[in-house]
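Heads up: the structure comes next, in structure tokens.
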Amino acid sequence: MGYDVNAIFQIAGIGIIVAMIQTVLKQAGKDDWAQWVTMIGFIVVLFMVASFIHDLFSEIKRVFLFR
């Protein structure tokens with residue numbers, strides 16, 4: 001496992017970057033592109049969180065099944 005706060009900082013960094021890009025695109029009148037950037041950022045973070053949850057359940061399984 002061994003996740004420090006690095007994962008939280010990575011997710012926060014992605015959120016900040018996506019928010020900045022979305023703001024720039026919306027002000028440029030590219031609302032459709034802004035939506036796509038937001039959705040892609042959400043999917044990237046979702047895959048990161050899914051990976052962390054998988055590791056968490058693997059660790060729980062290892063602890064309680066003594067493997």
Side-chain angles (χ1 to χ4, degrees):
M1 285 271 296
Y3 299 113
D4 298 306
V5 291
N6 290 335
I8 295 171
F9 285 137
Q10 285 177 348
I11 291 171
I14 291 171
I16 290 170
I17 290 170
V18 166
M20 289 184 343
I21 293 172
Q22 182 189 22
T23 302
V24 169
L25 287 173
K26 277 196 175 232
Q27 289 191 359
K30 307 283 186 180
D31 291 338
D32 53 340
W33 283 100
Q35 262 186 327
W36 279 105
V37 167
T38 304
M39 187 167 57
I40 290 170
F42 176 74
I43 290 171
V44 168
V45 170
L46 189 66
F47 276 117
M48 289 174 67
V49 170
S51 172
F52 298 144
I53 290 174
H54 177 267
D55 292 345
L56 173 67
F57 283 132
S58 295
E59 186 70 18
I60 290 171
K61 185 177 177 182
R62 186 190 66 79
V63 167
F64 287 114
L65 295 179
F66 303 109
R67 291 185 183 178

Checklist line | side-chain hydrogen bond (donor to acceptor under 3.5 Å, both in side chains) pairs, two or more places apart, involving residues 39-48 | finding: none
Margin query: With rounding to the nearest 0.5 angstrom, report the CD to CG distance, Gln35 to Leu25.
Written below: 11.5 Å
Next item on the list: Could you state whether Met48 and Ile53 fall into the same hydrophobic cluster, counting links through intermediate Ile, Leu, Val, Met, Phe, Trp or Tyr residues with side-chain heavy atoms under 4.5 angstrom apart?
Entry: yes
Margin query: The criterion is side-chain contact (heavy atoms from CB on, under 4.5 Å); which residues satisfy it with Val24, sequence neighbours excluded?
Written below: none
Next item on the list: Just grab all the side-chain hydrogen bond (donor to acceptor under 3.5 Å, both in side chains) pairs involving residues 38-47, residues at least two apart or on different chains.
Entry: Gln22-Thr38
Note to self: Connecting only ILVMFWY residues whose side-chain heavy atoms lie within less than 4.5 Å of each other, what is the rest of Phe47's hydrophobic cluster?
What the structure shows: Trp36, Met39, Ile43
Notebook entry, point to check: What residues join Met20 in its hydrophobic cluster, counting side-chain heavy atom gaps under 4.5 Å, either direct or through other members?
Noted result: Ile16
Note to self: Test of understanding: with side-chain contact (heavy atoms from CB on, under 4.5 Å), list the residues that count as partners of Leu46, not counting sequence neighbours.
What the structure shows: Phe42
Notebook entry, point to check: For the side-chain contact (heavy atoms from CB on, under 4.5 Å) test, which of Val37, Val45, Ile40 pairs with Val18?
Noted result: Val37
